[in-house]
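One structure is given below, encoded as structure tokens.
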Amino acid sequence: MPEESSDFIRQRIRQDLSEGVTNTVVTRFPPEPNGYLTIGHAKSICLNFGVAEEFGGRTFLRFDDTNPLKESEEFVEAIQRDVAWLGFSWGDAATFASDYFQALYGFAEQLVERGKAYVDSQSAEEIAATRGTFTTPGKESPHRDRPVAENLDLFRRMRAGEFPDGAHVLRAKIDMTASNIVMRDPVLYRIRHATHHRTGDDWCIYPMYDFTHCLSDALEGITHSLCTLEFENNRELYDWVLDNVDVNFHPPQIEFSRLNLEFTVMSTRFFRKLVEGGHVAGWDDPRLPTISGLRRRGYTPEMIRDFCQRVGVTRQENRVAMELLDFCARQALEDTAPRGMAVLDPLPVTIVNYPSDEDETLEAPWHGKHPEMGARAITFGRSLAIEREDFMEEPPRKFRRLSPGGLVRLRYGYVIRCDEVVRDDGGAVVELRCTYFPESKSGGDTSGLKPKGVVHWVSRQSGRAAAVRVYDRLFSVPAPTPDNMEGELNPASLEVAQAIVEPGVVEADTERFQFERVGYFFKDPVEYSRETPMFNRIVTLRDSYRPEPT
RNA sequence: UGGGGUGUGGCCAAGCGGUAAGGCACUGGGUUUUGAUCCCAGCAUUCGCAGGUUCGAAUCCUGCCACCCCAGCCA
């Protein structure tokens with residue numbers, strides 16, 4: 001029995017099991033194949049598959065493909081790839097709502113025969129206009145009392161393709177005065193002469209979500225149908241359909257709140273706009289909170305699963321801070337990512353007392369705390385580069401880096417002193433001329449020098465040029481508003497740095513590195529090559545440096 | 001406005017009548033050749049508000065307030 005994670009859903013399942021309401025646990029993850037999965041879906045995936053794993057049950061991956069206009073095979077494949085990558089398996093339980101079209105049709109005829117559904121011939125506009133409002137009841141359709149035989153005939157002819165789109169619709173006969181608007185004679189079937197990605201042209205009528213979902217759940221023997229809060233109002237209809245048709249299984253629908261993340265949205269619709277408008281590089285753009293985007297960015301399944309676990313499952317609206325996702329990434333990488341050095345914004349440093357025709361090899365461990373990871377060789381010589389922001393001409397107090405006349409240690413190398421600042425015509429600093437102290441060599445320092453700090457560096461002779469994509473939040477506001485999302489995009493969500501990276505990092509087979517003092521980086525899985533290295537920044541290092549308030 | 005939900009620290013979130021877990025963030029301090037990691041300490045006299053029941057309430061009752069969802073032939 002699971003002990004560690006006990007949200008209200010797991011408590012409910014445990015109770016159902018102990019009371020004998022059910023003796024198995026069968027769940028399902030039911031995405032519509034109309035886009036790529038997001039980390040919001042990951043929460044649902046972890047819940048559904050996780051719960052089944054914990055209680056020895058199984059989970060269906062069921063595509064909710066009832067709208068041929070929006071769905072496609074591309075998305076089906078992408079979704080399967082993402083779920084599998086997250087580490088969950090559905091065995092042979094990949095199903096499609098469209099697998100049940102025939103059965104669904106039979107249930108619909110049952111409803112018609114029982115006088116529980118009728119064919120309405122009003123236009124979509126008329127139906128909308130007569131639905132009523134929150135405070136006023138709807139009006140019954142003039143076709144509401146059509147005889148069963150006529151309804152059956154019309155419905156069969158709808159199915160046979162005798163009518164154009166929109167001519168008729170099948171509606172449940174419930175109550176046009178219901179306070180729950182969902183119950184005001186909801187549409188069950190509509191005519192759509194469209195080719196479906198799986199059933200082709202077999203059908204020209206397609207069932208609506210409310211009719212399809214509950215019956216698919218019942219047919220698959222789902223013991224706990226978990227969905228998000230916005231379907232709460234639909235639960236009454238979910239139950240109505242199952243109660244008015246001959247199915248011998250009635251799953252309970254249980255709602256939980258969906259995941260929201262600060263500085264981004266979880267909108268398939270909006271992502272499609274960004275992708276199609278060329279605002280991002282694709283559904284897997286590392287700035288998007290899609291599973292494929294996070295994967296491309298360098299996230300691992302473990303990080304995402306850890307995140308979902310930490311976020312919890314409740315019925316409370318939420319907007320989780322990005323820092324939590326960052327934390328999950330850093331924590332996973334801390335012990336697993338070898339360290340390396342890269343200078344993202346190089347400032348040339350010339351070691352004036354080092355011969356120009358020589359260099360030397362120093363040894364640096366791949367990981368300070370994990371000697372078993374081994375070590376690599378780095379080159380020290382006359383011509384180096386340090387990070388531009390590690391030098392300041394007029395440093396504030398407590399600045400532990402380099403400044404004119406000051407000392408710093410080059411990590412794994414020597415202590416140097418900045419003797420001269422070279423500028424271009426515009427006055428910009430273009431080079432630092434420094435001297436190094438041979439007796440300060442890392443590991444055998446006898447110099448007695450007390451440098452202010454230690455900075456990373458790379459030899460300009462042996463370092464490799466590399467593009468480093470520095471990602472930032474997609475939006476510049478914590479809670480983007482649906483109507484103004486485009487205007488709230490962060491214009492600096494991607495910056496590409498022309499960096500210098502030590503050769504050992506470029507040559508290694510490892511994909512994820514920590515560039516010391518900078519962050520964690522991932523070799524782009526499609527654009528990286530040893531000749532033209534391309535890194536994506538997964539996340540920065542935590543940085544507690546606060547310049548003195550003056 | 002009718003119906004359905006939700007309100008616990010900056011953000012998540014335990015708690016289910018016995019006197020506020022945990023995580024993230026944050027703030028101090030220690031270690032440190034990554035301002036990282038690690039370690040230690042601090043961080044809600046109070047649970048949307050107001051009443052009531054009770055020896056005792058975040059937990060029960062009543063009223064109020066705030067926010068979210070629903071008027072697709074989308075899911």
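Every chain is numbered from 1 and lettered A, B, ... according to where its sequence line falls, protein lines coming before strand lines.
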May I have the distance from [X] (atom [atom1]) to [N] (atom [atom2]), rounded to whole angstrom?
X        : N     : atom1 : atom2 : result
A:Gln11  : B:A13 : CD    : P     : 14 Å
A:Glu232 : B:G3  : CD    : C1'   : 11 Å
A:Asp7   : B:C16 : CG    : C1'   : 15 Å
A:Glu255 : B:C68 : CD    : C1'   : 14 Å
A:Phe263 : B:C24 : CZ    : C1'   : 15 Å
A:Glu323 : B:A25 : CD    : C1'   : 7 Å
A:Phe327 : B:C11 : CZ    : C1'   : 14 Å
A:Leu324 : B:C12 : CG    : P     : 11 Å

Taking the [atom1] atom of each, how far is [N] from [M], in whole Å?
N     : M     : atom1 : result
B:A14 : B:U8  : P     : 11 Å
B:C38 : B:C69 : C1'   : 46 Å
B:U6  : B:A13 : C1'   : 15 Å
B:C65 : B:A25 : C1'   : 29 Å
B:U62 : B:U19 : C1'   : 24 Å
B:A36 : B:G9  : C1'   : 28 Å
B:A57 : B:G18 : C1'   : 10 Å
B:G17 : B:G52 : C1'   : 15 Å

Do the side-chain N and O atoms of A:His197 and A:Glu71 include a donor-acceptor pair separated by under 3.5 angstrom?
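Note: A:His197 and A:Glu71 side chains miss the donor-acceptor criterion.
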
Verify the distance criterion only: is there a donor paired with an acceptor across the side chains of A:Glu32 and A:Asn34 at less than 3.5 Å?
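The answer is yes; a qualifying pair exists.
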
[X]: what forms a side-chain contact (heavy atoms from CB on, under 4.5 Å) with it, not counting sequence neighbours?
X        : result
A:Leu541 : A:Gln514, A:Tyr520
A:Phe8   : A:Ile254, A:Phe256, A:Val313, A:Arg315
A:Glu360 : A:Tyr354, A:Leu362, A:Phe380, A:Tyr414, A:Lys441
A:Asp16  : A:Arg12, A:Val21, A:Thr22, A:His224

Applying ring-ring contact (aromatic ring centres under 6.0 Å, His included), which residue pairs with at least one partner in residues 170-194 of chain A are found, sequence neighbours left out?
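Only A:Phe155-A:Tyr189, A:Tyr189-A:Phe211 qualify under ring-ring contact (aromatic ring centres under 6.0 Å, His included).
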
Nucleotide-resolved protein contact map, nucleotides 29-39 of chain B, B/S/- at heavy-atom distance under 4.0 Å:
----BBBSBS-

Give the B/S/- string for nucleotides 69-75 of chain B, one per nucleotide from 5' to 3', where a protein heavy atom under 4.0 Å of the base yields B, of only the sugar-phosphate yields S, and otherwise -.
BBBSBSB

Contact under 4.0 Å: A:Arg310 side-chain N or O vs B:G23 OP1/OP2:
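No, because none of the side-chain N or O atoms of A:Arg310 sits under 4.0 Å from OP1 or OP2 of B:G23.
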
Using only side-chain N and O atoms of A:Gln316, determine if any of them is under 4.0 Å from OP1 or OP2 of B:G7.
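Answer yes for this pair, as a side-chain N or O of A:Gln316 is under 4.0 Å from OP1 or OP2.
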
Only counting residues at least two apart or in another chain, list the ones meeting salt bridge (charged side-chain N to carboxylate O under 4.0 Å, His left out) with A:Arg517.
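Applying salt bridge (charged side-chain N to carboxylate O under 4.0 Å, His left out) to A:Arg517 gives A:Asp390.
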
Who pairs with A:Glu387 by salt bridge (charged side-chain N to carboxylate O under 4.0 Å, His left out), at least two apart in sequence or on another chain?
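A:Glu387 satisfies salt bridge (charged side-chain N to carboxylate O under 4.0 Å, His left out) with no residue once adjacent residues are dropped.
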
Kindly label the base of B:G72 as syn or anti, based on whether its glycosidic torsion lies within 90° of 0.
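Chi for B:G72 falls in the syn range.
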
A:Phe535 and A:Phe515 aromatic ring geometry - parallel, tilted or perpendicular at 30°/60° bounds
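It falls in the perpendicular class, over 60°.
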
Fill in the dot-bracket string of RNA chain B, one character per base: . for unpaired, | for a pair to another strand, ( ) or [ ] for pairs within the strand, taking Watson-Crick or G-U pairs under 3.5 Å.
.(((((((.[[[..)..(...]]].(((((.......))))).....[[[[[..)....]]]]])))))).....

Test applied, side chain to side chain donor-acceptor pair (under 3.5 Å); reference residue, A:Asp120; option that passes from A:Arg144, A:Lys173, A:Arg171:
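Considering A:Arg144, A:Lys173, A:Arg171, a side chain to side chain donor-acceptor pair (under 3.5 Å) with A:Asp120 is found only for A:Arg171.
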
Applying ring pair (Phe, Tyr, Trp, His ring centres under 6.0 Å), name anything that partners A:Phe163, two or more places apart in sequence or on another chain.
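Listed in chain order: A:His168.
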
Pi-cation contact, A:Tyr545 with A:Arg401 (under 6.0 Å, within 45°)
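Yes, A:Arg401 sits over the ring of A:Tyr545.
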
For the residue pair A:Phe475 and A:Phe270, is the inter-centroid distance of their aromatic rings smaller than 6.0 Å?
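For A:Phe475 and A:Phe270, the ring centres are under 6.0 Å apart.
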
Determine, using ring centers only, whether A:Phe513 and A:Phe521 are less than 6.0 Å apart.
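Not under 6.0 Å, so no.
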
Distances under 3.5 Å between nitrogen or oxygen atoms of protein and nucleotides 46-48 of chain B:
none

